[in-house]
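Comments concern the structure below.
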Number of protein chains: 2
Amino acid sequence: MSQDRNDDALASLCKALGHPARVAILRHLLQVDRCICGEIVSILPLAQSTVSQHLKQLKEAGLIRGEIEGPRICYCADKERLAELKNLVTAL
Amino acid sequence: MSQDRNDDALASLCKALGHPARVAILRHLLQVDRCICGEIVSILPLAQSTVSQHLKQLKEAGLIRGEIEGPRICYCADKERLAELKNLVTAL
DNA sequence: GGGCCTTATCGTATTTTCACGAAATACGAT
DNA sequence: ATCGTATTTCGTGAAAATACGATAAGGCCC
């Protein structure tokens with residue numbers, strides 16, 4: 001079959017969502033459209049540094065983006081990437 | 001919000017698919033409908049015991065089922081569970 | 001510039017994942 | 001009962017994930 005590429009792509013996207021905190025972050029971002037890091041920290045029962053790491057993983061997977069906005073950073077979900085995930089999952 | 005339940009459910013399903021080998025296994029099972037463990041082992045470049053561990057994780061996530069069939073074990077994908085995953089992802 | 005706020009990174013400890021070979025288990029055939 | 005085949009489980013070690021506090025880096029305001 002050798003769908004190795006797709007396998008890797010799906011696996012890495014899934015891996016990024018393989019933690020409840022990251023799912024919660026993504027879901028929140030989709031609900032509010034965009035919000036600053038601090039807001040996410042205040043929602044989750046995790047230390048700020050831990051949340052920052054989760055954000056980093058989501059960012060590396062391409063599922064979210066962060067824009068510097070003055071002194072803070074505004075995060076938003078990358079809907080294209082999310083659509084890609086949906087396609088890959090649906091195509092299973 | 002408190003979609004914590006869904007978050008956990010999606011996270012654990014995604015975690016199960018968070019490794020290329022497991023994606024490959026699931027995809028193969030969906031293509032051939034059902035097949036024995038040994039066939040899966042022969043497809044992947046991994047030791048037999050390693051494959052068995054991946055199968056175990058997929059089984060624990062409910063994505064596949066294994067039925068004893070004489071001396072071997074016949075695996076098949078659990079399409080209901082897969083549909084659940086698709087729903088959770090699509091609902092994002 | 002100095003302080004303040006926000007976020008990322010570092011260092012670290014604990015836990016979990018991943019992979020393997022070896023041993024155990026289960027079954028059919030002889 | 002013994003042998004061979006098929007799978008799982010066990011034990012292990014290396015690597016990665018998870019979480020935290022402390023520290024750094026960047027931008028604002030006075």
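Computed from heavy atoms alone, side chains included, the values below leave out hydrogens, waters and symmetry copies.
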Tell me whether A/Ile68 at atom CD1 has more than 12 heavy atoms from other residues, nucleotides or ligands lying less than 6.0 Å away.
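No, not enclosed.
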
Please determine if a side-chain N or O atom of A/Lys15 lies less than 4.0 Å away from the OP1 or OP2 oxygen of D/dA16.
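No, no such contact exists.
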
Quick check on contacts: within residues 54-68 of chain A, what sits under 4.0 Å from DNA chain D by heavy-atom distance?
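Residues of residues 54-68 of chain A that come under 4.0 Å of DNA chain D are, in numerical order, A/His54, A/Gln57.
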
Here's a test of your reading of the structure: between B/Val51 and A/Arg22, which maps to the more 5' nucleotide of DNA chain D?
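That would be B/Val51.
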
Which sits closer to the 5' end of DNA chain D, A/Thr50 or A/Gly70, going by the nucleotide each is nearest to?
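Looking at DNA chain D, the more 5' nearest nucleotide goes with A/Thr50.
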
Measuring from [X]:[atom1] to [Y]:[atom2], what's the distance to the nearest 0.5 Å?
X: B/Cys35; Y: B/Ile73; atom1: SG; atom2: CD1; answer: 12.0 Å
X: A/Glu80; Y: A/Leu63; atom1: CD; atom2: CG; answer: 12.5 Å
X: A/Cys37; Y: A/Ile25; atom1: SG; atom2: CD1; answer: 8.5 Å

Of all the base pairs, Watson-Crick or G-U under 3.5 Å, which form stems of three or more consecutive pairs involving DNA chain C?
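Result, WC/G-U stems under 3.5 Å: C:1-30 with D:1-30.
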
Mapping B/His19 and A/Ser52 onto DNA chain C by nearest heavy atom, which one lands closer to the 5' end?
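The residue closer to the strand's 5' end, by nearest nucleotide, is A/Ser52.
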
What is the distance from [atom1] of [X] to [atom2] of [N], rounded to the nearest Å?
X: A/Ile73; N: D/dC28; atom1: CD1; atom2: P; answer: 12 Å
X: A/Arg72; N: D/dG27; atom1: CZ; atom2: C1'; answer: 11 Å
X: A/Gln53; N: D/dG21; atom1: CD; atom2: C1'; answer: 12 Å

So, the side chain of A/Arg22 versus the backbone of A/Ala16: is there a donor-acceptor pair under 3.5 Å, distance only?
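Yes: the side chain of A/Arg22 pairs with the backbone of A/Ala16.
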
Indicate the atoms forming the closest heavy-atom contact of A/Leu17 with B/Cys14, along with that distance.
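What the structure gives for the nearest pair is O-CB, 3.6 Å.
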
For A/Ala47, what residues pass the side chain to side chain contact (heavy atoms under 4.5 Å, CB included) criterion, not counting sequence neighbours?
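Per chain and number, A/Ala47 pairs via side chain to side chain contact (heavy atoms under 4.5 Å, CB included) with A/Ser49, A/Thr50.
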
Tell me, with the steps shown, if A/Arg72 and A/Glu69 meet salt bridge (charged side-chain N to carboxylate O under 4.0 Å, His left out).
CA-CA 5 Å; A/Arg72 50 201 101 197; A/Glu69 191 163 280; over 6 Å; no

Walk along DNA chain C from 5' to 3' and tell me the first and last nucleotide with an atom closer than 4.0 Å to a non-hydrogen atom of chain A.
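Listing 5' to 3', DNA chain C meets chain A from C/dT6 to C/dT9.
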
Pairs touching residues 54-64 of chain A that satisfy salt bridge (charged side-chain N to carboxylate O under 4.0 Å, His left out), sequence neighbours left out:
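The answer is none; no pair qualifies.
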
With sequence neighbours excluded, what pairs up with B/Glu39 under the salt bridge (charged side-chain N to carboxylate O under 4.0 Å, His left out) test?
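Partners of B/Glu39 under the salt bridge (charged side-chain N to carboxylate O under 4.0 Å, His left out) test: none.
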
Run the salt bridge (charged side-chain N to carboxylate O under 4.0 Å, His left out) check on A/Lys79 and A/Asp33 step by step: do they pass?
CA-CA 10 Å; A/Lys79 297 199 175 147; A/Asp33 197 41; 3.8 Å; yes

